[in-house]
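In listed order, ligands and their atoms are each counted from 1. What you see below is based on every heavy atom in this structure, not just the backbone, and it leaves out hydrogens, waters and symmetry mates.
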Amino acid sequence: MKENNYVSELTELAAWRDALAVEGKRVVLTNGCFDLLHAGHVRYLKEARALGDALVVALNSDTSVKALKGDGRPVHCAQDRAEILCALEAVDRVVVFDQARVTGVIESLRPQVYAKGGDYTVESLNAEERGALEGVGAEIRILSLVPGRSTSRTLKQMAETEGAERKAKLGVLGSGKGSNLDAIFKKIDAGELNAEVVVVISDVAGAGILDLAKEREVQVIRIDPGYEKGGQLSDGAIKEITDRLRAAGVDLVVLAGFMKIVRGELLDEYSGRMLNIHPSLLPKFKGLAAWKQALDAGVKETGCTVHLVSAGVDSGEILGQAKVPVMEGDTAVEVHARIQEQEYELYSRVIGEILDAMAQ
Ligand code: GAR
């Protein structure tokens, strides 16, 4: 059973080595950064330990790892790296060294064996370190590395996974049946939109959009708008929506049939990160039942618009539009249905585009 050891001082190590030598035991030394432990390290350390009776790992300090490997390294601090190494069966002692070379440790410890990974040869060892090893009579052993295992490879894989898996978080606000939200869910299901809906908020109790979100096991919140009628939201409602979106870690706010006016801290917090879809070719026919306004105006063409939300109603930078014809004899319901078919395509496309732009 190995001792429950931890980081050792050099002087203490030298005395320990001498006591072992009296018993005829050989100390093996190896050194490295051991920044992100992987199976290659574990197997290497086991092999190194088998070359003698005790294994000392000289661990590069944080400053020396940074100097060797660059900014962003080490991943774990020296104390943590030492603790992890000490937990391995093969490791008897860890000593942290701050210099570029391990020469000082070699001279003080006087190991009987020095082990190094197979990316070196005896000839390519640093001349100063090799001189010190020869000076203390250490046998130099080069151990083969485990193929396919390396810290840089692990870090690369992690970076790739992180990039692929990071899904933008959408917070959806709606007052109605939620068919636009349904279309967004379907685009996500189909892999056409790399995002997840994390919260759905409505000012209308029993709104279809809330049921839809519940079916999808998305967090749903019903807020009290503070007014029974009209497009206004009380200061309290504005604050609650902002807090809830923030708490859910929302990256982009999507208004999907939200019939209230957004203002104040909600607008400030999500400026440039809040979209609305409106059922007309803005700037034409702002406000309520825009499809009916278009029909009443006798236009031959209408459509839908996705825009950034700004202080004015149905204003803000236009990000995308889709057109539909208005046909002879159309009812308002038919025009709206035709527009909505386009909304379902347009909204997800623009959401994807803005998320891509935000990720740059
Ligand atoms: C959509 O047609 C949307 O464009 C409109 O409400 C409908 C919501 O339908 N929004 C506005 O008029 C905003 N000014 P949905 O609840 O089925 O998605």
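With a 4.5 Å cut-off between side-chain heavy atoms of Ile, Leu, Val, Met, Phe, Trp and Tyr, the cluster of Leu288 takes in Met259.
Close N/O approach between His278 and ligand 1 is found [any backbone or side-chain N/O within under 3.5 Å]. Where the criterion is an N or O separation shorter than 3.5 Å, residue side chain and backbone included, Tyr344 fails it with respect to ligand 1.
Shortest contact from atom 7 (C) of ligand 1 to any protein heavy atom: Gln340 NE2, 3.9 Å. Among all non-hydrogen protein atoms, the one lying nearest atom 17 (O) of ligand 1 is Ser179 OG, 2.5 Å. Annotation: atom 5 (C) of ligand 1 to nearest protein heavy atom, Pro279 CD, 3.8 Å. Protein heavy atom nearest atom 3 (C) of ligand 1, with residue, atom name and distance: Glu343 OE2, 3.5 Å.
Here the side chain of Ser202 pairs a donor or acceptor atom with the backbone of Gly174 at under 3.5 angstrom. Between the side chain of His336 and the backbone N or O of Val333 there is no donor-acceptor pair closer than 3.5 Å.
Ion pairing between a basic and an acidic side chain is recognised when a charged N comes within 4.0 Å of a carboxylate O; Lys177 and Asp182 show no such pairing.
Residue Lys286 places no heavy atom under 4.0 Å from ligand 1. Using 4.0 Å as the threshold, Gly178 has a heavy atom nearer than that to some atom of ligand 1.
Legend: residues meeting side chain to side chain contact (heavy atoms under 4.5 Å, CB included) with Glu192, ordered by chain and number and at least two apart, are Lys187, Ala190.
When the heavy-atom distances from atom 13 (C) of ligand 1 to Asp182, Ile277, Leu282 are ranked, the shortest goes to Ile277. Checking Gly257, Gly287, Gly231 against atom 6 (O) of ligand 1, the nearest heavy atom belongs to Gly257.
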Between Arg130 and Glu134, is a salt bridge (charged side-chain N to carboxylate O under 4.0 Å, His left out) present by the stated rule, with each step listed? CA-CA 6 Å; Arg130 192 174 161 192; Glu134 284 165 1; 3.3 Å; yes
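By the criterion of a heavy-atom distance under 4.0 Å, the side chain of Asp314, and not its backbone, is placed next to ligand 1.
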